[in-house]
Structures are given as C-alpha cells and as structure tokens.
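Single-structure report; data block below.
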Amino acid sequence: MNGELHEEVYISLPPGFEDNLGRSKVWRLKKSLYGLKQSPRVCFERFGSVVKRHGFTQSQADQTMFFKHSREGKIAILTVYVDDIIMTGDNIGEIRDLKRRLEAEFDIKDLGKLKYFFGMEFARSKEGIFFNQRKYILDLLTETGITRCKEAETPMDPNVKLKSAAEDEVIDRECYQRLAGRLIYLSHTRPDIALVVSVISQFMHAPGPAHFEVVFIILRYLKGTPRKGLMFRNRGHIQVEAYTDADWAGNINDRKSTSAYCTFVGGNLVTWRSKKQNVVARSSAKAEFRSMAHGFFEVLWIKKFM
Amino acid sequence: MKVYCDNKLVIFIAHNPVLHDRMKHDSGEICMSYIPTKSQVADVLTKSLPKRQFNDMVCNLAMNDIFMPC
C-alpha cells in the first residue's frame, strides 16, 4: 500500500516474532496496510498529491477525476477507480509525462489502449467509441442456465404490475437479491433495462414467483441482445441536453410515481436514471416537476464537470 | 443547455416568476422546452412499452448493436 499514515497505529506482532522481540512488544505502523480503516483514504491522498504536484487539478464534480489544461487549449484527463487508472485527452505529451512520473512513484503497469474495464468492453473505430458488457451478460446467462430459452422481445411485459409477495409466497430471497444485484451492475451500459431493474429492486425484501418471472423475462431479453451497448460519436458539438419524464402513480402498492431522466452530451447518451419517487405526488404535473428538478441537478452536475 | 419535458404545465410552472421564491432554478443557462411524447426518449425509463415503440425509443437513446444496427 502506498499511503503514509498520519495517525499512530499499532499492531500486535505476527506469530513467529515473539521469541526474538519479546511478547510484550507491539509495532507502530509507518505506512498503511490493507484492512486499516484509513487505508483507502491515505492511499488516495498520496496518489492525488503526486498527480496534483504534476499540475493537475482535482475535479469538484467527481473527486476521482483530475485534469490539466495546457496553454494551447489541449487537455489531459485522468480518472482513478481504486487501483485502476484511465487516462485520456488530446494532450499526448502531457499524458506521456504523467505516465512516466507515476511509474517513478508507484508500481504501475501500462495496459495500452482501453479495452476492458470492470466488465465493460470498449472498441474504437473511425465512427467513435463503442462499449458494452457482452461478456458479463453471457456469463450471467450461463450461470443462470438460460442459454437455450426463447428470446424475449422486450425486457418487460407492459401489462404486468408487480405487488409485494405475501409472507408465505416468498421464495429464495438470496438468489433473487444476487440476480438483481448483477442486473443493477449491468444497467451501467443498458438504459433499456434501467426501468425494469428499478422495478425488480423494489421487491428485494419479499420476492415471490411473479417477481422471478419478471427477472426471467429480463434474462431472456438479454439473451437476444447481448451485444447492445452505447456508442459515442463525434457530432461536432458538446451541447448538454436532458429529457425528463414521469409516470404518475405507476406503483400499485403505494401509488408513488416514477421519475426518469436521461442526459446527452454532444448527442451521446451519458447518464440516465429511473427511480421511484419517495413522496406521493397528487398530480401528474407535480410528478413531472419533481423529475424535471432531478434532470436539472444532473445537468448542473455535468456542467460542473465540463 | 436544454432540458426537455413532455408536460407543458410543468414548463409553465418552472417559468412562472410568482412561484420563484419556492422553486428556484438557474434560468440564465438552462433552457426548458416542450417535447412531444413521441420524441420523448425518457419515456422508456418510466413505462414498459410494447415491442415497436420500445425498439424505436431504444434507438433514439443512441443505443446500438454494432452487428445489428437499428
């Protein structure tokens, strides 16, 4: 671990050292270890300070993003997730410099062009950058044994309205929660299942046969469309647009509405959300207004990013 | 920056200066406009649609399958 500790932290001796050093001794840590409470913080602090010393600025919209503008108007961007780093930008020299600097400070490995990152596959062409989670979907289908079923055309039957299952109907909660969790991760590149994933995750506490049926349809839909993903094209502008919508009182259990928005930067879909609102809206305008406010926040956040 | 909504009333409320002490927004930079439900791409995130509408909406989201473009 790369972090320097600011606090006094002691550990008892690991077995095998007592005879040489005495039983009553403890060690004081100078550097951070895995499993310490402060280890993620100090590790990121150290990384951040190295990058900032190189002239990069930490983004306030997302603390894990660092950027540097050059005098010629070029930019270099770095984002970090735990111990994985992505660098991008049009300032190739700056990126190369930083890479060298990081190599001197830390033990890092350059994996070349971005191809595979946390289950997402990236591909580039003249048209743009395309990414999907094909392998993740295929693994999920093999794991659930859904490889020979008939494919579904849409991820959700428009006529199905789900209710919480009665106590005696609840089946295999752990399995349901695991599946829902995997589908939530999948919705990083799949806005088409965002709605139905938000619906199934409302019943994590009490899934019945009807809920499993809905999950099964999603899996069958995925089977037909494992390669679907998002395409980022250069359309010559970077205008930010948001679309907001609401479904008034769509939930038949508590009559709460669903709000949704999706935002585009330069005509490319970047963020989206479908979420049950947490208060009961008494008119559709109110429900719409709430989702518009959410869309606003998102747009303001994206603006801060840029 | 633009925010689209398919409900005219909401846009009216958001633009109405009388209500502004309770509902504030950064009107200088964000422009709100009405969009007909047919081109409202966020529709697919609020209700489950039949096959054809669903596919159209998903295409509008710029979602793509490079081997089977829509």
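So you know, we letter chains A, B, ... as the sequences are listed, proteins then strands, and number each from 1. The structure displayed is predicted, hence computed values, not measured ones.
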### Query
When the ring centroid of A/Tyr221 is compared with that of B/Phe54, is the distance short of 6.0 Å?
yes

### Query
Quick one: does A/Lys303's side chain get under 4.5 Å of B/Met1's, heavy atoms only?
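Side-chain contact under 4.5 Å: yes.
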
### Query
Going by heavy atoms in the side chains, are A/Leu195 and B/Val44 under 4.5 Å from each other?
no

Straight-line distance of [X] [atom1] to [Y] [atom2], nearest 0.5 Å:
X        : Y        : atom1 : atom2 : result
B/Leu45  : A/Ser198 : CG    : OG    : 9.0 Å
B/Lys51  : A/Thr154 : NZ    : OG1   : 9.5 Å
A/Trp248 : B/Thr46  : CH2   : OG1   : 14.5 Å
A/Tyr243 : B/Cys5   : OH    : SG    : 12.5 Å
A/Leu269 : B/Asn60  : CG    : CG    : 11.0 Å
B/Gln40  : A/Thr244 : CD    : OG1   : 6.5 Å

Among the listed options [options], the residue most often paired with chain B at heavy-atom distances under 4.5 Å:
options                                : value
A/Val240, A/Ile193, A/Val160           : A/Val240
A/Glu288, A/Met156, A/Glu241           : A/Glu288
A/Ser284, A/Ala242, A/Cys262, A/Ala260 : A/Ala242
A/Ile302, A/Val199, A/Thr258, A/Val299 : A/Val299
A/Gly295, A/Pro191, A/Ala194           : A/Pro191

### Task
Begin with the C-alpha distance, continue with both residues' side-chain angles, and end with the deciding distance and a verdict on side chain to side chain contact (heavy atoms under 4.5 Å, CB included) for A/Phe289 and B/Leu9.
CA-CA 9 Å; A/Phe289 195 88; B/Leu9 179 62; over 6 Å; no

#### Entry: Of all pairs that satisfy salt bridge (Lys or Arg N to Asp or Glu O under 4.0 Å), the ones with a partner from residues 182-196 of chain A, not counting sequence neighbours
A/Glu143-A/Arg182, A/Arg190-A/Asp192

### Query
Applying side chain to side chain donor-acceptor pair (under 3.5 Å), which residue pairs with at least one partner in residues 267-276 of chain A are found, sequence neighbours left out?
A/Arg235-A/Asn268, A/Asp254-A/Lys276, A/Thr263-A/Thr271, A/Thr271-A/Glu298

### Message
Keeping A/Glu153 on the side-chain end and B/Pro50 on the backbone end, is there a donor-acceptor pair under 3.5 Å?
### Response
no

### Task
Heavy-atom distances under 4.5 Å only: say whether B/Leu49 touches chain A with side chain, backbone, both or neither.
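The backbone, not the side chain.
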
